[in-house]
Amino acid sequence: MTVIIKQQDFIQSIADSLQFISYYHPRDFIIAMTEAYNKEQSIAAKNAIGQILLNSKMAAEGKRPICQDTGIVCVFVTIGMDVGFDKVNQSIQEMVDIGVELAYNFPDNKLRASILDDPAFTRKNTKTNAPAVVHIEMVPGSNIEVEIAAKGGGSENKAKFAMLNPSDSIIEWILKTVPTMGAGWCPPGILGIGIGGTAEKAMLLAKKSLMQPINMQQLITDGPKNKIEELRIELYNKVNALGIGAQGLGGLTTVLDIKILDYPTHAASKPIALIPNCAATRHIHFTLDGSGPAQLIAPELKDYPILDTAAQVQSKTVNLNSITKEQIAQWKTGETLLLTGKILTGRDAAHKRIIDMLNNNEKLPVDFSGKFIYYVGPVDPVRNEIVGPAGPTTATRMDKFTRQMLEQTGIIGMIGKSERGQIAIDAIKDNKAVYLIAVGGAAYLISKAIKAAKVVAFADLGMEAIYEFDVLDMPVTVAVDTKGESIHQTAPIIWAQKIQQQNL
């Protein structure tokens with residue numbers, strides 16, 4: 001017998017689920033992160049995990065995004081062949097996209113629209129965060145199963161793929177590849193692995209595997225029941241033994257779980273895909289059976305650990321309004337700071353425009369001399385907010401602009417997330433500047449440190465405009481000092497050695 005699903009129930013369920021995952025971490029993620037926090041021995045990594053957990057609870061209570069990058073929407077729709085819709089005037093893709101637009105423009109929790117049309121050329125923002133990436137499968141049955149995720153650019157950009165030879169080692173490839181991903185995917189998180197099929201099938205398997213719940217500790221306790229589970233445990237232990245740690249700061253936990261899906265492949269092939277889920281893990285599963293829209297169950301506040309204000313652990317207050325290059329020369333990598341004063345913002349599009357203006361000998365619309373620039377694209381504010389969630393974006397994308405920015409604009413410091421490439425480190429060292437990191441996955445927490453915000457240049461760029469923020473006790477860590485030492489280069493080596501020596 002055909003079960004009729006109302007189109008409006010499907011659309012509303014898409015919209016509701018995207019709002020839901022924007023501010024609720026899955027309960028299993030909260031529990032796994034709490035376990036990682038409790039066992040972490042690296043002070044810098046423990047501080048970062050603490051900020052992520054504190055941010056998670058604040059986002060849940062405030063119903064505001066966990067991360068300012070509210071993601072590209074990925075949807076797996078499994079439709080029973082006994083299902084029909086009450087209307088036939090829209091495709092599944094169209095219905096999903098309507099739900100996406102409703103969710104991302106919901107007035108009480110407006111989400112950041114990040115999707116660009118014409119990706120090779122004009123890259124114009126659609127302003128709705130649609131279209132989504134939708135995968136549809138028809139199966140026997142009378143339900144619709146939907147798995148939906150919002151994938152941030154920082155983690156999605158670190159996806160890897162290879163066509164291995166049949167005799168090549170999967171473990172060797174993973175252990176060689178993970179360090180090349182840097183910290184832009186905001187560990188600790190989950191690694192999804194797809195093995196087999198064809199090139200596109202392996203990537204799809206890796207993405208779909210990330211929809212599964214975190215269960216690594218239970219799997220270790222119960223013991224593996226097959227070769228895939230054995231591989232998951234082995235990779236979990238060996239990836240964590242790399243010592244990369246939270247935010248790449250060195251530590252015991254780089255991954256909370258390893259997920260693997262496989263599929264038969266050609267005798268000459270061994271496709272393998274690796275896709276990470278970041279510390280802003282956002283996904284949910286729901287079923288529609290004709291009885292109405294999906295009912296989503298939120299985690300309870302008791303699921304969150306009670307933490308001290310992790311952002312203020314062993315931190316020193318810095319007045320940015322009177323900061324000098326002599327003062328920043330005293331900072332050491334791994335040192336935690338609380339920034340107070342005025343900072344400017346700017347990310348990819350703003351940097352490109354600034355460089356073009358410099359190359360054309362045009363006067364810049366804002367004075368960067370002696371200032372810090374924060375790589376951020378904030379969410380629009382709602383109600384009485386000064387600014388919406390405003391966490392850092394991946395700094396490596398600005399590496400190619402760094403030397404010219406330092407030498408021609410007069411900036412003395414940068415704030416972002418993840419490591420810097422060698423070209424940026426060399427420029428920082430040569431100009432006796434400094435690079436600080438804020439915690440990726442703590443966007444709502446960081447926004448509370450912003451006491452005033454105004455657009456000062458390039459308003460047409462939307463969230464990529466240049467803002468002036470007035471911050472109070474904004475938590476950061478020194479990542480590259482004026483001598484060119486990078487914590488992302490040194491800390492993982494130190495912690496990998498500690499883990500090996502102490503069998504942690």
N/O donor-acceptor pair under 3.5 Å between T333 side chain and A479 backbone: no
Minimum side-chain heavy-atom gap Y23-R64 below 4.5 Å: no
Heavy-atom check, side chain of I49 versus side chain of M33, under 4.5 Å: yes
Donor-acceptor pair, side chain of T340 and main chain of L472, under 3.5 angstrom: no
N55 side chain vs L445 backbone, donor-acceptor pair below 3.5 Å: yes
From CA spacing to verdict: side chain to side chain contact (heavy atoms under 4.5 Å, CB included), Y24, L296: CA-CA 11 Å; Y24 286 134; L296 309 175; over 6 Å; no
N/O donor-acceptor pair under 3.5 Å between Q51 side chain and A442 backbone: no
Side chain to side chain contact (heavy atoms under 4.5 Å, CB included) assessment of V456 paired with K454: CA-CA 6 Å; V456 293; K454 62 180 179 181; 4.0 Å; yes
L288 versus A294, closest heavy-atom pair with distance: CD2-N, 3.7 Å
Of all pairs that satisfy salt bridge (Lys or Arg N to Asp or Glu O under 4.0 Å), the ones with a partner from residues 409-428, not counting sequence neighbours: D399-R420
Sub-4.5 Å side-chain heavy-atom contact between Y374 and M474: yes
Within-4.5 Å side-chain heavy-atom neighbours: V379 and E385: no
Contact check, side chains of S114 and N129, non-hydrogen atoms, under 4.5 Å: yes
Review item, side-chain donor-acceptor pairs of residues 173-191, under 3.5 Å, at least two apart:
| unit_1 | atom_1 | unit_2 | atom_2 | d |
| --- | --- | --- | --- | --- |
| T177 | OG1 | W173 | O | 2.6 |
| T180 | OG1 | T177 | O | 2.5 |
| W185 | NE1 | G182 | O | 3.2 |

Residues, nucleotides or ligands: over 12 heavy atoms within 6.0 Å of H135 NE2: yes
Modelled atom types, side-chain donor and acceptor of Q19 and D108, under 3.5 Å: no
Salt bridge (Lys or Arg N to Asp or Glu O under 4.0 Å) against E485, all qualifying residues, sequence neighbours excluded: none
Donor-acceptor contact present, side-chain H488 to main-chain Q247, <3.5 Å: yes
Qualifying residue, where the test is side-chain hydrogen bond (donor to acceptor under 3.5 Å, both in side chains) with K110 and the options are D380, N105, T70: N105
Within 6.0 Å of CZ in R383, more than 12 heavy atoms from elsewhere: yes
From CA spacing to verdict: side chain to side chain contact (heavy atoms under 4.5 Å, CB included), V100, T128: CA-CA 7 Å; V100 170; T128 63; 5.9 Å; no
Separation of Q408 CD from I354 CD1 (nearest 0.5 Å): 11.5 Å
pair P365-M357: side-chain heavy atoms closer than 4.5 Å: yes
Where I214 and F29 come nearest, the two heavy atoms and their spacing: CD1-CA, 3.7 Å
I275 vs E156 side-chain heavy atoms within contact, under 4.5 Å: yes
Heavy-atom check, side chain of V439 versus side chain of P475, under 4.5 Å: no
Considering all heavy atoms, the nearest D481-I428 contact: O-CG2, 3.9 Å
Value rounded to 0.5 Å, distance of OG1 in T122 from CG in L116: 8.5 Å
Spacing of CD1 belonging to I148 relative to OG belonging to S13, to within rounding of 0.5 Å: 9.5 Å
Donor-acceptor under 3.5 Å (T409 side chain, L406 main chain): no
Shortest non-hydrogen contact between A279 and G440, atoms and distance: CB-O, 4.3 Å
Distance, nearest 0.5 Å, that separates OH of Y444 from NZ of K63: 11.0 Å
Under 3.5 Å donor-acceptor, Q68 side chain and G391 backbone: yes
Any donor-acceptor N or O pair under 3.5 Å, side chains H283, E147: no
I195 side, atom CD1; L274 side, atom CG - distance, nearest 0.5 Å: 10.5 Å
Residue from I411, V476, L436 passing side-chain contact (heavy atoms from CB on, under 4.5 Å) with F372: L436
Aromatic plane relationship, F85 with F10 - under 30° parallel, 30 to 60° tilted, over 60° perpendicular: perpendicular
Check: D367 side chain, S369 main-chain N or O, donor-acceptor pair, under 3.5 Å: yes
Nearest atoms (heavy-atom pairs only) where A465 meets A457: CB-O, 3.6 Å
Criterion salt bridge (Lys or Arg N to Asp or Glu O under 4.0 Å) on R397 and D348, from CA distance to verdict: CA-CA 7 Å; R397 299 201 309 274; D348 310 63; 2.7 Å; yes
Separation between CD1 of I373 and CE of M414, rounded to the nearest 0.5 Å: 9.0 Å
Steps toward side chain to side chain contact (heavy atoms under 4.5 Å, CB included) verdict (D69, T393): CA-CA 8 Å; D69 184 349; T393 197; over 6 Å; no
Any donor-acceptor pair under 3.5 Å from D97 side chain to A132 backbone: yes
Over 12 non-hydrogen atoms of neighbours within 6.0 angstrom of CZ in R27: no
N157 and T394: CA distance, side-chain angles, deciding distance, side-chain hydrogen bond (donor to acceptor under 3.5 Å, both in side chains) verdict: CA-CA 10 Å; N157 287 352; T394 306; over 6 Å; no
Closest non-hydrogen atom pair between L18 and A103, with its separation: CB-CB, 3.7 Å
Side-chain donor/acceptor of K207 to backbone N/O of G194, under 3.5 Å: no
